[in-house]
Amino acid sequence: MAAATRTAPRAREIFTTLEYGPAPESHACALAWLDTQDRHLGHYVNGKWLKPEHRNSVPCQDPITGENLASCLQAQAEDVAAAVEAARTALENWSTLPGARRAQHLTRLAKMIQKHQRLLWTLESLVTGRAVREVRDRDVPLAQQLLQYHAVQAHTQEEALAGWEPMGVIGLIVPPTFSFLEMMWRICPALAVGCTVVVLVPPASPAPLLLAQLAGELGSFPGILNVISGPTSLGPVLASQPGVQKVAFCGAVEEGRALRRTLAGQGLELSLALGAESLLLLTEAADVDSAVEGVVDATWSDRSQGGLRLLIQESVWDETMTRLQARMGRLRVGRGLDGAVDMGARGAAARDLAQRYVREAQSQGAQVFQAGDVPSDSPFYPPTLISDLPPASPCAQTEVPWPLVVASPFRTAKEALAVANGTPRGGSASVWSERLGQALELGYGLRMGIVWINAHGLRDPAVPTGGCKESGSSWHGGPDGLYEYLQPSGTPARQPSLSENLNYDTFGLAVPSTLPAGPETGPSPAPPYGLFVGGRFQAPGARSSRPIQDSHGNLHGYVAEGGAKDIRGAVEAAHQAAPGWVGQSPGARAALLGALAAALERRESALAARLERHGVELKVAKAEVELSVRRLRAWGARAQAQGHTLQVAELRGPVLRLREPLGVLAIVCPDEWPLLAFVSLLAPALAHGNTVVLVPSGTCPIPALEVCQDVATLLPAGLVNVVTGDRDHLTRCMALHQDVQALWYFGSVQGSQFVEWASAGNLKPVWVNRGLPRAWDQDAEGAGPELGLRAAQTKALWLPMGD
Amino acid sequence: MAAHNLGTELDLSWISKVQVNHPAVLRRAQQVQARRTVKKEWQAAWLLKAVTFIDLTTLSGDDTSSNVQRLCYKAKYPIREDLLKALNMHDKDITTAAVCVYPARVCDAVRALKAAGCNIPVASVATGFPAGQTHLKTRLEEIRLAVEDGASEIDVVINRSLVLTGQWEGSDFIKTSTGKETVNATFPVAIVMLRAIRDFFWKTGNKIGFKPAGGIRSAKDALAWLSLIKEELGDEWLKPELFRIGASTLLSDIERQIYHHVTGRYAAYHDLPMS
């Protein structure tokens with residue numbers, strides 16, 4: 001620590017220089033707490049400290065002085081098993097309690113934190129090196145607010161979340177650079193709705209252990225929160241424990257991708273929150289000084305974990321750079337426990353990462369500006385501004401690390417959107433413009449989970465926080481955070497359905513060739529032959545067909561044998577149709593769905609006859625058509641009530657919770673209920689503004705093709721594309737397609753596993769049935785809120801107001 | 001005051017281009033107070049520095065020569081001599097930046113300061129203070145008379161009707177408010193003014209001074225204001241020529257804090273001389 005090695009200047013000298021001095025926060029209580037554990041930390045499981053013998057331990061060090069503060073045990077598989085066992089036992093009681101009881105418990109924990117807040121903030125700042133001001137003034141109060149907000153949610157759970165039940169035991173994996181707050185964001189909703197949690201924290205992170213201890217010392221329900229420390233490589237071990245229903249992971253993108261692949265087919269839900277880069281878009285109509293403060297908030301105030309991509313309109317480039325550099329000169333970097341620093345240290349790994357990025361950027365021709373009052377000792381890294389980085393250079397493609405800001409210019413708002421959306425990341429962004437129309441245009445246009453208008457980094461328990469694209473589509477906070485840990489009531493427990501010998505390289509790769517299969521005996525007129533792509537029926541690229549048999553084994557007809565190129569064409573057509581469809585009002589969409597419903601009604605007898613040939617009793621077939629018609633109308637009406645406004649404490653102005661389309665949604669329909677399942681999946685997807693590529697039932701695709709005849713005349717071209725063919729092959733093509741934004745798969749166990757594995761490519765959200773049948777004729781499963789939830793993504797748009 | 005604004009051609013496009021985002025400024029105002037703190041010797045030195053920025057003010061209807069005289073002595077000896085000695089600051093000639101009175105009391109102040117043997121400037125509020133709603137002719141005459149009486153600085157209340165209708169006036173120093181309003185010096189307003197001062201400096205090279213007035217009562221407030229100037233404008237503005245704090249009760253709280261720093265005890269009311 002630089003300030004300590006200086007000889008303290010006398011008041012006389014300070015009177016002249018008027019410099020800042022050290023303002024150390026005492027961390028005696030943190031050390032005293034470590035002493036209560038004899039400077040030897042284990043895990044906190046089932047309301048007790050767990051310190052098994054014969055384990056490796058890692059030192060927990062002060063990141064600035066390198067002083068050893070404690071040694072921390074590294075968990076092994078059996079410790080993980082013990083923690084999951086505790087969580088499972090606790091679940092039986094916790095999940096069946098009335099919400100009001102859980103609310104009471106969370107409120108007690110909030111009070112417990114309030115009583116020990118100094119210990120919490122000094123310990124966190126001491127160990128992580130983050131500025132104590134940020135931990136004390138923001139993280140700790142927010143942790144309490146989170147508990148209070150979720151206590152309220154638990155209280156109203158029976159009423160507000162009827163039809164949903166807690167998932168079960170949740171495994172939470174957090175990265176080395178995280179703050180304890182990230183854990184709070186996730187455990188609060190999980191506990192509130194009745195789940196119990198096992199958190200795997202990186203070695204040497206005492207603050208989560210302290211939190212678990214505080215929760216444990218409340219006495220009742222000891223096993224609901226268990227914290228074990230160990231390397232991220234224990235993640236799959238945690239996931240494979242029987243009873244764990246869901247794994248929530250936050251960390252680096254590549255780690256998330258790897259985990260997605262590892263957990264494919266394990267039958268559990270995986271939610272990912274990846275990367276930490278943010279974006280700031282500064283227009284010429286901005287209050288530039290305030291926007292510069294936004295940059296400070298985003299990167300140089302120990303608030304976020306990542307770096308910042310800064311887009312500046314060309315006309316204010318010089319002015320902004322001058323102000324930014326002047327502001328950087330006043331930043332103070334130092335020991336986190338100093339009350340007057342902006343930025344602390346983050347340890348050697350973070351510093352090296354920043355250093356590598358800067359060197360590489362320089363070698364690719366970038367300008368680097370560093371400033372601020374930074375001690376010369378090694379753990380610190382100065383605030384850094386990078387400009388003139390060629391857009392095509394490798395550095396410009398990779399995620400910007402803390403504490404770096406990479407600035408680049410843009411000319412028009414349209415170009416800004418193209419640049420901002422031209423990355424695989426979709427976390428958070430802010431827009432700075434005093435022109436209301438422009439600000440909203442940009443705010444709506446950014447493909448990000450959170451957008452702040454004229455602010456950066458605001459958080460509130462009531463506002464969902466999450467992302468899209470490769471930032472992972474998991475949410476915490478607000479209603480979306482609750483649904484992360486809920487499942488529709490009656491969902492069967494996790495079935496391990498892993499096929500160890502599923503070969504991902506060859507699954508669905510080859511299409512078995514088909515030959516003529518006898519005389520066609522279908523009722524006339526036969527549906528037009530071909531794939532329905534871009535609004536019309538087209539011959540398949542492979543120019544071959546597959547026979548479809550009826551329930552007696554007779555040839556019903558031929559459908560086109562679609563392949564990779566047809567999927568490519570269909571996805572392209574869907575992308576072209578997307579802007580027009582998104583731009584339609586929900587009312588207009590509902591009207592079109594209504595028209596399609598009416599057309600289906602007119603076609604009832606033909607459709608029923610088709611179904612009958614596949615062994616469905618005529619009465620049942622008619623009922624299936626009728627129900628399909630109802631589904632179309634129902635979703636049209638539901639989509640009109642989308643999104644809502646949230647009210648946030650201490651913020652003047654609203655936060656909009658928008659429900660936006662996912663984009664191009666690929667759907668593999670189940671074999672059963674060939675018409676009803678097709679319509680039940682199509683309707684919510686369209687109603688929420690998506691464009692779709694569907695693979696209809698494999699055994700009975702003809703009713704779906706018949707519906708396409710009406711789609712062709714009623715709906716815009718490209719909105720709905722239906723590709724028939726070998727299901728495994730088509731699934732493979734769509735799951736591996738990088739420009740398909742989401743995939744729903746209803747088919748085999750192996751297909752589900754493949755889809756989960758392949759989705760790691762662009763981290764598209766997937767919904768798979770793991771080979772389990774679904775009651776499409778029941779409203780709960782065939783038209784329940786789960787479909788609506790999955791058919792759109794949330795975006796939080798912050799709109800602070802003031803004159 | 002040394003600085004003089006030589007003025008520039010009035011270019012209203014500067015003003016029309018200014019963008020101020022109110023909620024963002026409010027957030028900055030909160031942060032700037034929370035992100036900096038000075039302790040121990042740094043705090044003592046900063047507080048003594050703050051003393052040298054104070055326009056020690058009495059603006060009461062019942063001001064007479066006796067309380068103006070007392071004020072002037074306090075301006076000359078703002079901190080108890082023994083406390084300054086303990087800090088080794090007794091030879092630094094620490095006085096307040098100026099004494100600020102009504103025009104009719106300028107004579108009293110000049111006389112009292114002369115008697116005390118010091119050259120602390122006397123500032124006079126003028127021009128129909130605090131409303132400024134009097135005729136231009138009498139306002140100019142008021143300034144002339146105050147200067148004749150020995151005032152070397154004039155706190156002019158501008159005619160705000162002109163501002164609200166877009167007819168701007170120039171100055172060497174800008175002040176948040178008269179100190180007589182219901183809301184006086186606030187951080188958000190100050191931030192906007194300081195940024196305007198900085199922009200003007202970047203454009204013209206002229207340094208305009210800044211004076212928050214009203215409501216600054218505690219030593220803690222004073223430190224926050226110093227820190228705000230340091231953060232938004234930089235150290236070169238931290239001198240009496242460019243920064244003043246208009247206050248009447250602030251000084252006694254600063255002295256109280258210095259007393260505590262030196263002795264480790266909290267002072268009784270009678271331990272410190274009144275102003």
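Hydrogens, waters and symmetry mates play no part in the numbers below; they use all other heavy atoms, side chains included. Just so it is clear: chains get the letters A, B, ... in the order the sequence lines come, proteins before strands, and each one is counted from 1.
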Check: In Å and rounded to the nearest 0.5 Å, what is the CD to CD distance from B:Glu41 to A:Glu13?
Finding: 10.0 Å
Next item on the list: Tell me, out of B:Gln43, B:Arg198, B:Arg28, who's got the most heavy-atom pairs with chain A below 4.5 Å.
Entry: B:Arg28
Checklist line | Nearest heavy-atom neighbours spanning B:Arg36 and A:Asp342 | finding: NH2-OD2, 2.6 Å
Margin query: Is there a side-chain contact between B:His22 and A:Met801 in this structure, where contact means two heavy atoms from C-beta onward sitting under 4.5 Å apart?
Written below: no
Notebook entry, point to check: Looking at A:His456, A:Arg327, A:Glu293, which one has more heavy-atom pairs under 4.5 Å with chain B than the rest?
Noted result: A:Glu293
Check: For residues A:Asp289 and B:Gln19, is any side-chain donor paired with an opposing acceptor at under 3.5 Å?
Finding: no
Next item on the list: Mind running side chain to side chain contact (heavy atoms under 4.5 Å, CB included) on B:Lys92 and A:Thr16 for me, showing each step along the way?
Entry: CA-CA 10 Å; B:Lys92 282 281 196 179; A:Thr16 317; 4.0 Å; yes
Item checked: Per-residue contact mode, A:Arg652 against chain B (heavy atom under 4.5 angstrom) -> neither
Notebook entry, point to check: With a 4.5 Å heavy-atom cut-off, do B:Asn88 and A:Arg10 have their side chains touching?
Noted result: no
Checklist line | B:Ala34 portion near chain A, given a 4.5 angstrom heavy-atom threshold | finding: both
Note to self: Please determine whether side chain to side chain contact (heavy atoms under 4.5 Å, CB included) holds for the pair A:Leu458 and B:Arg27, giving the CA-CA distance in whole Å, both sets of side-chain angles, and the decisive distance to 0.1 Å.
What the structure shows: CA-CA 11 Å; A:Leu458 306 181; B:Arg27 277 197 304 278; 3.9 Å; yes
Item checked: Minimal non-hydrogen separation, A:Gly802 against B:Pro23, with atom names -> CA-CD, 3.9 Å
Notebook entry, point to check: For the candidates A:Ala340, A:Ala131, A:Ser301, which exhibits the highest count of non-hydrogen atom pairs separated by less than 4.5 Å from chain B?
Noted result: A:Ala340
Notebook entry, point to check: Is it true that B:Glu231 and A:Arg330 have a side-chain N and a carboxylate O under 4.0 angstrom from each other?
Noted result: no
Notebook entry, point to check: Which value, rounded to the nearest 0.5 Å, describes the distance between A:Leu18 atom CG and B:Trp46 atom CH2?
Noted result: 5.0 Å
Item checked: NZ/B:Lys203: more than 12 non-hydrogen atoms of other groups inside 6.0 Å -> yes
Item checked: Contact origin within B:Leu238 toward chain A - heavy atom pairs under 4.5 Å -> side chain
Notebook entry, point to check: Taking 4.0 angstrom as the limit, do B:Asp91 and A:Arg12 come out as a salt bridge?
Noted result: yes
Notebook entry, point to check: Taking all atoms of both residues into account, what is the closest heavy-atom pair of B:Asn21 and A:Ser290, and its distance?
Noted result: O-OG, 4.3 Å
Margin query: If I compare all heavy atoms of A:Trp432 with all of B:Ala24, which pair ends up nearest, and what's the gap?
Written below: CZ3-CB, 4.1 Å
Item checked: Residue B:Thr52 versus chain A: region with a heavy atom under 4.5 Å -> side chain
Next item on the list: Please state whether the side chain, the backbone, both or neither of A:Ala286 comes within less than 4.5 Å of a heavy atom of chain B.
Entry: backbone
Notebook entry, point to check: Between atom CD of A:Glu19 and atom CG of B:Asp235, what is the distance when rounded to the nearest 0.5 Å?
Noted result: 9.5 Å
Item checked: Contact leader toward chain A among B:Lys17, B:Arg195, B:Lys40, B:Met89, where contacts are heavy-atom pairs under 4.5 Å -> B:Arg195
Margin query: Between B:Gln31 and chain A, with a heavy-atom cut-off of 4.5 Å, which part of the residue counts as in contact: side chain, backbone, both or neither?
Written below: side chain
Item checked: Per-residue contact mode, B:Ile94 against chain A (heavy atom under 4.5 angstrom) -> side chain
Note to self: For chain A, which candidate among B:Ala45, B:Ala44, B:Gly234 shows the most heavy-atom pairs at distances under 4.5 Å?
What the structure shows: B:Ala45
Next item on the list: For the pair A:Asp297 and B:Arg35, find out whether any cationic side-chain nitrogen is under 4.0 Å from an anionic carboxylate oxygen.
Entry: yes
Checklist line | Ring-face cation contact, A:Tyr20 with B:Lys39, 6.0 Å cut, 45° max | finding: no
Margin query: I'd like to know whether B:Asp199 forms a side chain to side chain contact (heavy atoms under 4.5 Å, CB included) with A:Glu319, so could you lay out the CA-CA distance, the side-chain angles of the two residues, the decisive distance to 0.1 Å, and finally the verdict.
Written below: CA-CA 10 Å; B:Asp199 286 356; A:Glu319 186 195 344; 5.8 Å; no
Notebook entry, point to check: By a 4.5 Å heavy-atom criterion (distance strictly below it), what part of B:Val25 contacts chain A: side chain, backbone, both, or neither?
Noted result: both
